[in-house]
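First up is the structure itself, then whatever we jot down about it.
Note that the structure is predicted; figures quoted are calculated from it, not measured.
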Amino acid sequence: MTRETDGVIHSHEHGIKVTIKYGEGFSDTWAVFNGPPQVVRSQIIDYFGLDSEPVTNLTLSELVVEATSIAHGSGNIAGLLGGRIVATESTPVASDPWAAASAPPAPAPQEEPNGWILGEIAKQATIADLQKLWAANQSFFSDEGVMAAYKAKGRELKAAG
């Protein structure tokens, strides 16, 4: 079954054509996808940067409605509010921007809990100063790593001394 409209041939034998507009006006951006339904589905998912897993159970029609909603939102931000799309390195291309925005922030890197005392141990220039540090901060020395650093610094100072 083939029909011709405005010089474009639409054929179900060769697939489907989906047009998603970013706004109501003719001059607004359009995204056009052609091919068999599975190819069009894949094209839409890639074009809009969607994670394929959450949209797996959507029909193609539902996927088009979701993509149209994203396009309209982007069009409104750009057209009505004067916003601009800014690419960031931290957002993977294939991720859903709404899911990324609502995801909890990545945990902050854990600071070494004994970083301060390890730095102080390294700064000591004499065995007497090292011993004073130990006497004033004994709570840190229950940690094996701190105690190992303390003993290594003591051996270093003794050998240098």
TODO: Measure the spacing between CG of Leu157 and CD1 of Ile127 and express it to the nearest 0.5 Å.
DONE: 5.5 Å

- [ ] Look up atom CD in Gln43 and atom CG in Asn34, then write down how far apart they are to the nearest 0.5 Å.
- [x] 7.0 Å

Open item on the list: Taking CD in Glu144 as the centre, count heavy atoms belonging to other residues, nucleotides or ligands within less than 6.0 Å. Is the count above 12?
Closed with: no

- [ ] Report yes or no: does Gln124 contribute a side-chain atom to a donor-acceptor pair with the main-chain N or O of Ile121 at less than 3.5 Å?
- [x] no

Task: Main-chain N/O of Ala125 paired with Asp129 side-chain donor or acceptor, under 3.5 Å - done: no

Task: Note, Val18 side chain near Ile20 side chain (heavy atom, < 4.5 Å) - done: yes

- [ ] Decide yes or no for Val32 and Lys17: does some side-chain heavy atom of the first lie under 4.5 Å from some side-chain heavy atom of the second?
- [x] yes

Please report the shortest heavy-atom distance between [X] and [Y], naming the atom on each side.
| X | Y | value |
| --- | --- | --- |
| Ile16 | Pro37 | CD1-CA, 4.1 Å |
| Leu60 | Arg41 | N-NH2, 3.4 Å |
| Leu50 | Ile70 | CD2-CD1, 3.6 Å |

Task: Pairs where residues 151-161 contributes a residue and the test side-chain hydrogen bond (donor to acceptor under 3.5 Å, both in side chains) is met, not counting sequence neighbours - done: Lys153-Glu156

- [ ] Could you walk me through whether Leu130 and Tyr150 pass side chain to side chain contact (heavy atoms under 4.5 Å, CB included), step by step?
- [x] CA-CA 8 Å; Leu130 186 62; Tyr150 172 79; 3.4 Å; yes

TODO: Kindly work out whether a path of hydrophobic side-chain contacts (I/L/V/M/F/W/Y, heavy atoms less than 4.5 Å apart) joins Val65 to Tyr47.
DONE: no

- [ ] Determine whether Ile117 and Met147 fall in the same hydrophobic cluster, where Ile, Leu, Val, Met, Phe, Trp and Tyr are linked whenever their side-chain heavy atoms lie under 4.5 Å apart.
- [x] yes

Open item on the list: Once salt bridge (Lys or Arg N to Asp or Glu O under 4.0 Å) is applied, do any residues pair with Lys123, and if so which ones, sequence neighbours excluded?
Closed with: Glu120

Task: Whether Tyr22 and Phe48 hold their rings parallel, tilted or perpendicular, with breakpoints at 30° and 60° - done: parallel

TODO: Look at the aromatic rings of Phe140 and Trp116 and report parallel, tilted or perpendicular, splitting at 30° and 60°.
DONE: tilted

Task: Residue among Thr19, Ile44, Thr59 satisfying side chain to side chain contact (heavy atoms under 4.5 Å, CB included) with Val64 - done: Ile44

Open item on the list: Quick one, Phe141 with Asn114, criterion side chain to side chain contact (heavy atoms under 4.5 Å, CB included). Give me CA distance, side-chain angles, the key distance, then yes/no.
Closed with: CA-CA 10 Å; Phe141 290 88; Asn114 296 316; over 6 Å; no

Open item on the list: Between Asn137 and Leu133, does the side chain to side chain contact (heavy atoms under 4.5 Å, CB included) criterion hold? Intermediate values first, please.
Closed with: CA-CA 6 Å; Asn137 298 284; Leu133 180 68; 3.4 Å; yes

